[in-house]
Amino acid sequence: MEQYEKLRREYPHFYYRGYEAEWEEGALNITYTFEIEGLSVFTPHWTFPLPQGRLEEIKGRVTEEMLFSLGMVELISYWKIACPPQVYIEKGKLDSEQIRWWKHLYFNGLGEFFYVNGIEEAREENFMEIHCQDFRTGKEPSSEEASPVSALEQEGKRSLSKGFLVPIGGGKDSAVTLDLLMDGGYPVYGYIINPRGASLNTAERAGLSDEKVMKVKRTLDQRMLELNRRGYLNGHTPFSALVAFSSLIGAAILELDYVALSNESSANESTVPGSSVNHQYSKSFEFEKDFRQYAETYMPGSAFYFSLLRPLSEFQIAWIFSGLKQYHDIFRSCNSGSKTDSWCGRCPKCLFVCLILSPFLEQEEIENIFGRSMLEDLSLRETFDKLVGIAREKPFECVGSRDEVREAVRLTIEKFGRGRKPLPALLEYYRNSRVFQEESRRGESPYFTFYDEENLLPEKLDELVRQRIRRERQ
């Protein structure tokens, strides 16, 4: 906290100087320029591939507002180095509602950053002031104009046949989204930021040709990484918001009407109980609604952004994914092993995926995925406690709710009992806990029939998801 206050005094001004968009046959190159006055200038870069022979047509669909807005969400990665209290936007128009919107995203998207760094005094109203030289003075959106209902009414005028852009991260969730849409007969295009083995393999296993996968490159400024190494402030930023804004550019390039995310209902749960701190804030339904409203108001005509898996829990996604055997040897969700495209087998994300899949797969299959028996590893007990709710905080990772992890573990213990097999060490430990005694009295699992009605799914896709759940239960 002392470092936060010291840096804010020393570096009070942050500037979004602007961006340069270079259009050439085959690629759109965007370079953003940010500056922490007195410390450093930063120039991160994005490259979007373009279909050949359609440059002028594409330039007419990708608006300045889209390019500017991607910079607005990119800037938070550089602002957090010193957290300057005054932020100046020198290229692009913002009105007071937009300034409020961006501050809300930044503050909640940095909830983990503030919490982990012990920055207790940060408040949404005081952590930064945004100043825009080109202040938009026109009519601000009313609540009626910017409501999710309005967005869905506009969605009804779109054609489902044009196709869906599906961001692919290489984990189980995007594989399920791809399978659902392709099973429904819809045209699908993949969207990958900084491709790696798992994301490319997922697209290939889904049957997407190379022409149907947009591979975007995001390059961080090395000066930011150097300042991180030197001990300036660092921490989690809302990456999924970058996916949201950049995917609208991708959809405009390909002339697609929909961006279909793979964020589930479980992403709404806070990481720290009793607080708004959520590692997955930019995957939450709150952000999804807010983003949809923002795009509808300030980027009219852009693709309809929604999460196809929003009605489902992580439990149900794992249930569906367990039947998609073609992905089991290539999917990856481990951040620690992302550079080597592997599972480390020891982090919270690896253990979560192991636990949530265990009711639906044989232990040999689980061990083949991760390369080891995590359920026998008592050194993972602290992480296990966080996942099942014995410990107060969840891990700061994209993991499911405490309730559904407990349910998955309970069902796995029952499965071992039916097979008269000895329990692995972690499950034996849990069976003797107070939490398990309470869970064991629950009866039939509520998670197989769960359906979150708070979602933005178009009507036909809502029925597509419901049909899959019904089919899985047969």
Side-chain angles (χ1 to χ4, degrees), residues 144 146-169 171-191 206 240 243-244 247-248 251 256-269 280 282-296 302-324 400-401 403-404 445-474:
E144 180 180 352
S147 69
V149 173
S150 173
L152 283 169
E153 287 171 352
Q154 292 297 319
E155 175 277 321
K157 301 174 184 177
R158 299 169 187 266
S159 169
L160 289 173
S161 63
K162 276 193 173 182
F164 296 78
L165 189 66
V166 177
I168 300 173
K172 67 186 186 322
D173 299 353
S174 54
V176 170
T177 292
L178 289 167
D179 188 73
L180 281 164
L181 288 172
M182 297 179 86
D183 191 42
Y186 295 107
V188 173
Y189 296 75
Y191 178 74
S240 295
V243 175
S247 67
L248 291 192
L256 300 176
D257 273 344
Y258 291 88
V259 174
L261 274 292
S262 306
N263 302 326
E264 72 293 333
S265 178
S266 312
N268 297 324
E269 183 180 71
Q280 302 192 79
S282 55
K283 290 186 175 182
S284 69
F285 187 55
E286 177 183 319
F287 173 77
E288 183 179 332
K289 287 189 300 181
D290 286 352
F291 179 76
R292 185 57 245 155
Q293 292 167 5
Y294 191 93
E296 192 72 24
S302 59
F304 187 88
Y305 170 97
F306 73 103
S307 177
L308 184 66
L309 305 186
R310 182 65 67 191
L312 305 180
S313 67
E314 280 273 19
F315 182 93
Q316 290 167 304
I317 294 167
W319 177 32
I320 296 170
F321 181 76
S322 67
L324 304 181
S401 72
D403 284 347
E404 63 190 323
S445 172
Y447 284 99
F448 290 103
T449 57
F450 174 83
Y451 200 87
D452 192 337
E453 300 291 347
E454 279 200 307
N455 62 73
L456 296 181
L457 270 66
E459 184 176 350
K460 289 183 179 179
L461 298 181
D462 180 83
E463 182 55 30
L464 181 72
V465 175
R466 292 179 189 272
Q467 284 179 356
R468 175 58 69 89
I469 293 299
R470 289 194 291 267
R471 188 199 312 172
E472 295 290 337
R473 286 188 59 81
Q474 291 175 354

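Taking Lys283 as the reference, nothing meets the side-chain hydrogen bond (donor to acceptor under 3.5 Å, both in side chains) condition, with sequence neighbours excluded. For Tyr451, the ring pair (Phe, Tyr, Trp, His ring centres under 6.0 Å) criterion is met by no residue, not counting sequence neighbours. Remark: Asp179 engages Arg468 in a salt bridge (Lys or Arg N to Asp or Glu O under 4.0 Å) (not counting sequence neighbours). Looking at residues two or more places apart in sequence or on another chain, you find a salt bridge (Lys or Arg N to Asp or Glu O under 4.0 Å) between Asp462 and Arg466. Under the rule for a side-chain contact (heavy atoms from CB on, under 4.5 Å), the partners of Ser282 that lie at least two apart in sequence or sit in another chain are Pro238, Ser240, Ala241, Phe287. Looking at residues two or more places apart in sequence or on another chain, you find a side-chain hydrogen bond (donor to acceptor under 3.5 Å, both in side chains) between Glu288 and Arg310. In this view, Tyr189 satisfies the ring pair (Phe, Tyr, Trp, His ring centres under 6.0 Å) rule with no residue, not counting sequence neighbours. For Glu463, the salt bridge (Lys or Arg N to Asp or Glu O under 4.0 Å) partners two or more places apart in sequence, or in a different chain, are Arg470. When the side-chain hydrogen bond (donor to acceptor under 3.5 Å, both in side chains) test is applied to Tyr191, the partners found at least two apart in sequence or on another chain are Ser246. In this structure Glu286 satisfies the salt bridge (Lys or Arg N to Asp or Glu O under 4.0 Å) test with no other residue, sequence neighbours excluded. Here Ser174 pairs with nothing under the side-chain hydrogen bond (donor to acceptor under 3.5 Å, both in side chains) rule; sequence neighbours left out.
For Gln280 (side chain) and Asn268 (main-chain N/O), no donor-acceptor pair under 3.5 Å exists by modelled atom type. Judged by distance alone, the side chain of Gln316 and the main-chain N or O of Phe450 form a donor-acceptor pair under 3.5 Å.
The closest side-chain heavy-atom distance from Phe315 to Glu264 is not below 4.5 Å. Under the 4.5 Å side-chain criterion, counting only non-hydrogen atoms from C-beta, Leu456 is in contact with Phe285. Side-chain contact between Val188 and Thr177 is absent, with no heavy-atom pair separated by less than 4.5 Å. Two residues are said to be in side-chain contact when any heavy atoms from C-beta on lie closer than 4.5 Å; Ser307 and Asn455 fail this criterion. The side-chain heavy atoms of Leu461 and Tyr258, taken from C-beta on, include no pair separated by under 4.5 Å. For the pair Asp403/Tyr447, a side-chain contact is recorded, criterion being any heavy-atom separation below 4.5 Å from C-beta on. The shortest side-chain heavy-atom distance between Pro458 and Phe306 falls under the 4.5 Å cut-off.
Rounding to the nearest 0.5 angstrom, the gap separating the CG atom in Leu178 from the OG atom in Ser262 is 7.0 Å. The distance from atom OG of Ser247 to atom CG of Leu256, rounded to the nearest 0.5 Å, is 10.5 Å. Distance check: Leu309 CG to Asp173 CG gives 6.0 Å after rounding to the nearest 0.5 Å. Interatomic distance, Leu457 CG to Leu464 CG, rounded to the nearest 0.5 Å: 9.0 Å.
The list of salt bridge (charged side-chain N to carboxylate O under 4.0 Å, His left out) pairs with a residue in residues 313-324, not counting sequence neighbours, reads Lys172-Glu314.
Screening Ile469, Asp452, Val176 against Leu312 for a side-chain contact (heavy atoms from CB on, under 4.5 Å) leaves a single residue, Ile469.
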Is there a side chain to side chain contact (heavy atoms under 4.5 Å, CB included) between Phe291 and Leu248? Walk through the geometry before answering. CA-CA 11 Å; Phe291 179 76; Leu248 291 192; 3.5 Å; yes
Evaluate the criterion side chain to side chain contact (heavy atoms under 4.5 Å, CB included) for residue pair Arg473 and Trp319; output intermediate values, then yes/no. CA-CA 10 Å; Arg473 286 188 59 81; Trp319 177 32; 3.3 Å; yes
One pair to check against side chain to side chain contact (heavy atoms under 4.5 Å, CB included): Leu261 and Val243. What are the steps and the verdict? CA-CA 9 Å; Leu261 274 292; Val243 175; 4.3 Å; yes
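The minimum heavy-atom distance linking Val259 with Ala303 is given by the pair CG2-CB, 3.9 Å. Considering every non-hydrogen atom in both Ser266 and Ser401, the closest pair reads CB-N, 3.9 Å.
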